Each structure stands twice: as structure tokens, then as C-alpha cells.
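Read through the structure below, which is laid out as C-alpha cells, and then see the notes.
Here the structure is a predicted model, which is why all the values come from computation and not from measurement.
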Amino acid sequence: MVKLRYDAGNIINPNVHKIGIIALGSHLENHGPALPIDTDAKIAAYIALQASLESGAKFLGIIYPAHELEEIKHGIHYSLEELAKNITKTLKSAKQYLNLEKIVIVNAHGGNLPLAICLDKIEEKLQLDILLNNTIIENEGPHGGSGEISMGKVLGILDEEELENQGNIRKFGEVGLSQFTEARKNNPNIEEGASEIENNGVYLDSNYGQQLLNLAINATLLDVEKLLDY
């Protein structure tokens, strides 16, 4: 059997090869006219890939399905059970073929947050240590708002000709989740984001977008370091 050089290349520690980083977003949901329907997936993939490049951890690609709150209907999503099942299947394959022991999931879609309640069962079933990183969600602000369009500019996925229409929440009610009355009533964070869009609209700031991405990449790298210490 070939002896692999686990200490070769630009890595932070040879044991980093036991760690995988996978992206989790959403591929099929509206983000206003200036951003594509797979915005969250592309943001998550960028963060996960950059963190893997900087650390040497394995980049595992992206999970396909995504979950969402029942009262938010701005795309095509799946049950929490289906999402957990798909993640389990994907990580089982990664463990088998890549000899992984630990995983960081980079999540860029707020609807996936309930996944946290499933992680213990997934870890136990697969015998993997798993960290769910929600940094970008915690810092980007309202759905389809200034944070996401600014990151979209950095990633090259923003249609700047549609920026003037992005704040038209009467036509594009998914921006800020402003037209989802029940969700606003049930979730203070959603209400806060919707109110921000209603009061201030959206703005583009490339530096802000890069700062958000850098923050999430650095947080993912910290998770890798935590797993190295386990």
C-alpha cells in the first residue's frame, strides 16, 4: 500500500486530513431580482472551500437539499428529516472513502438552523465529531438584504442592473422576508430584519461583503482548530 505524505503541502497540521468541511445552503429559493436562487449555496461553498484551502482540511462539496420554516414559502425546500437523512448518507460516504473522523458543516441558510437538534444522532450513528458553523447567518442581516447583495458583488453573482428593484418589497416580498406575516409574528429576528428593509432599504458595499465572508472563513478555521484539539 502506498504510504501517503500527510505532512506534505501547505497544511496547519498533518491531523487536519482527518477533518472534512462541507457546505450547506439552499439551491432553490428567491432572493430578490438582483441575486440568484442558489445564493446561499454559493456563499456556503465559497466559505467552505476557502477554509479548506487555508487549513488543508478536506473540501467535501455541498449538501443538496435544504430545510425551511413552514410559514416561509419563497422556494423549494425539504423536511428536516429528509435533510438529516441526506447529510447522514453523504457524510457516511465521505468517512468511508476519505478516512475522516471530524466534520465542519458551513451553513449559509437560516432555514437549516433546526438541523442542530439532529446532530447528536448523526454523530452517534456515524461515529463522527460534527460542528455546525452558522457564522454567516448570524452576521449577514436580512434575507436578500445589504449583507447578501454585498457578498454577491464580491462573488460575482450580483446583477447590479437590478439593484434598484431589490428594495421593492411589494413586488419581491422575500427580501427581508417582509411579506411573510406569520413568520414575522412568530420570530423576533425575522421581524427585525423585515423592519430594517422597510425602513432603510438595501445598499451595496463590497468592503462590507468581503468582511462578512472573511469573518465566516476565519470562524470556520477556528472550528477546524477546535477539532484538531479533540
Side-chain angles (χ1 to χ4, degrees), residues 1-27 38-67 80 82-109 112-140 151 154-156 210-230:
M1 184 175 181
V2 174
K3 183 177 181 181
L4 295 174
R5 300 183 184 91
Y6 284 99
D7 59 348
N10 185 19
I11 58 173
I12 60 177
N13 185 313
N15 290 327
V16 80
H17 292 289
K18 299 177 183 178
I19 300 174
I21 305 176
I22 195 164
L24 173 63
S26 177
H27 288 81
D38 58 350
T39 292
D40 291 351
K42 286 173 174 170
I43 289 174
Y46 177 85
I47 294 167
L49 177 59
Q50 290 303 311
S52 70
L53 292 175
E54 294 185 32
S55 66
K58 297 288 188 297
F59 177 61
L60 305 181
I62 191 163
I63 298 294
Y64 293 155
H67 180 60
L80 186 59
E82 179 70 15
L83 175 59
K85 180 179 177 181
N86 186 274
I87 290 175
T88 301
K89 179 181 178 181
T90 301
L91 295 185
K92 179 180 180 181
S93 179
K95 179 181 179 181
Q96 176 183 353
Y97 292 109
L98 301 178
N99 299 318
L100 297 175
E101 298 179 2
K102 303 167 185 181
I103 303 291
V104 180
I105 300 175
V106 176
N107 177 35
H109 171 60
N112 292 324
L113 288 173
L115 177 66
I117 66 177
C118 304
L119 285 186
D120 286 345
K121 290 184 178 179
I122 296 175
E123 286 183 311
E124 183 178 357
K125 184 172 184 178
L126 298 180
Q127 293 298 292
L128 286 170
D129 292 323
I130 303 174
L131 294 180
L132 180 63
N133 188 299
N134 297 308
T135 300
I136 199 63
I137 299 169
E138 295 164 355
N139 292 280
E140 69 183 2
M151 288 188 288
V154 175
L155 299 181
Q210 189 64 66
Q211 288 172 0
L212 286 171
L213 292 168
N214 289 345
L215 177 64
I217 293 167
N218 289 335
T220 305
L221 291 172
L222 284 175
D223 279 345
V224 171
E225 292 182 3
K226 289 178 186 176
L227 290 175
L228 283 172
D229 292 335
Y230 283 5

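Between Leu128 and Leu100 the shortest heavy-atom distance is CD2-O, 3.5 Å. Here the shortest heavy-atom pairing between Ile217 and Tyr46 reads CD1-CE2, 4.0 Å. Taking all atoms of both residues into account, the shortest heavy-atom contact from Leu60 to Gly20 is CD1-CA, 3.8 Å. What you find for Pro65 and Leu83 is that their closest heavy atoms are O-CD1, 3.4 Å. Across all their heavy atoms, Ala108 and Ile43 have their closest contact at CB-CG2, 4.1 Å. Between Ala48 and Ile21 the shortest heavy-atom distance is CB-CG2, 3.7 Å.
Looking at Asn112, Ile63, Ile130 one by one, the single match for side chain to side chain contact (heavy atoms under 4.5 Å, CB included) with Ile87 turns out to be Ile63. Partner of Thr220 under the side chain to side chain contact (heavy atoms under 4.5 Å, CB included) criterion, chosen from Ile105, Val106, Leu215, Thr135: Val106.
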Go through Ile137 and Asn107 one step at a time and tell me if the side-chain contact (heavy atoms from CB on, under 4.5 Å) criterion holds. CA-CA 8 Å; Ile137 299 169; Asn107 177 35; 3.1 Å; yes
CA sep, side-chain torsions, deciding dist, call: Asp229, Lys226, salt bridge (charged side-chain N to carboxylate O under 4.0 Å, His left out): CA-CA 5 Å; Asp229 292 335; Lys226 289 178 186 176; over 6 Å; no
Can you check side-chain contact (heavy atoms from CB on, under 4.5 Å) on Met151 and Ile136, steps first, answer last? CA-CA 10 Å; Met151 288 188 288; Ile136 199 63; 3.5 Å; yes
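His109 contributes a side-chain N or O that, together with a main-chain N or O of His67, makes up a donor-acceptor pair within less than 3.5 Å. In terms of modelled atom types and a separation under 3.5 Å, the side chain of Lys102 and the main chain of Leu227 share a donor-acceptor contact. Checked by atom type and distance alone, the side chain of Ser52 pairs as donor or acceptor with a backbone atom of Leu49 at under 3.5 Å.
In the displayed structure, Phe59 atom CZ is contacted under 6.0 Å by more than 12 heavy atoms of other residues, nucleotides or ligands. Within a 6.0 Å radius of NZ in Lys95, other residues, nucleotides and ligands contribute more than 12 heavy atoms.
A heavy-atom distance below 4.5 Å is found between the side chains of Leu126 and Thr88. The side-chain heavy atoms of Val224 and Val16, taken from C-beta on, include a pair separated by under 4.5 Å. Side-chain contact between Leu155 and Leu213: present, with at least one pair of heavy atoms (C-beta onward) separated by less than 4.5 Å. Taking 4.5 Å as the limit, some side-chain heavy atom of Ile117 sits within range of a side-chain heavy atom of Leu80.
Counting only N and O atoms by type, the side chains of Glu82 and Asn86 include no donor and acceptor under 3.5 Å apart. Looking at Asp38 and His27, their side chains never bring a donor and an acceptor atom within 3.5 Å of each other.
Among residues two or more places apart in sequence or in another chain, the salt bridge (charged side-chain N to carboxylate O under 4.0 Å, His left out) test is passed with Lys125 by none.
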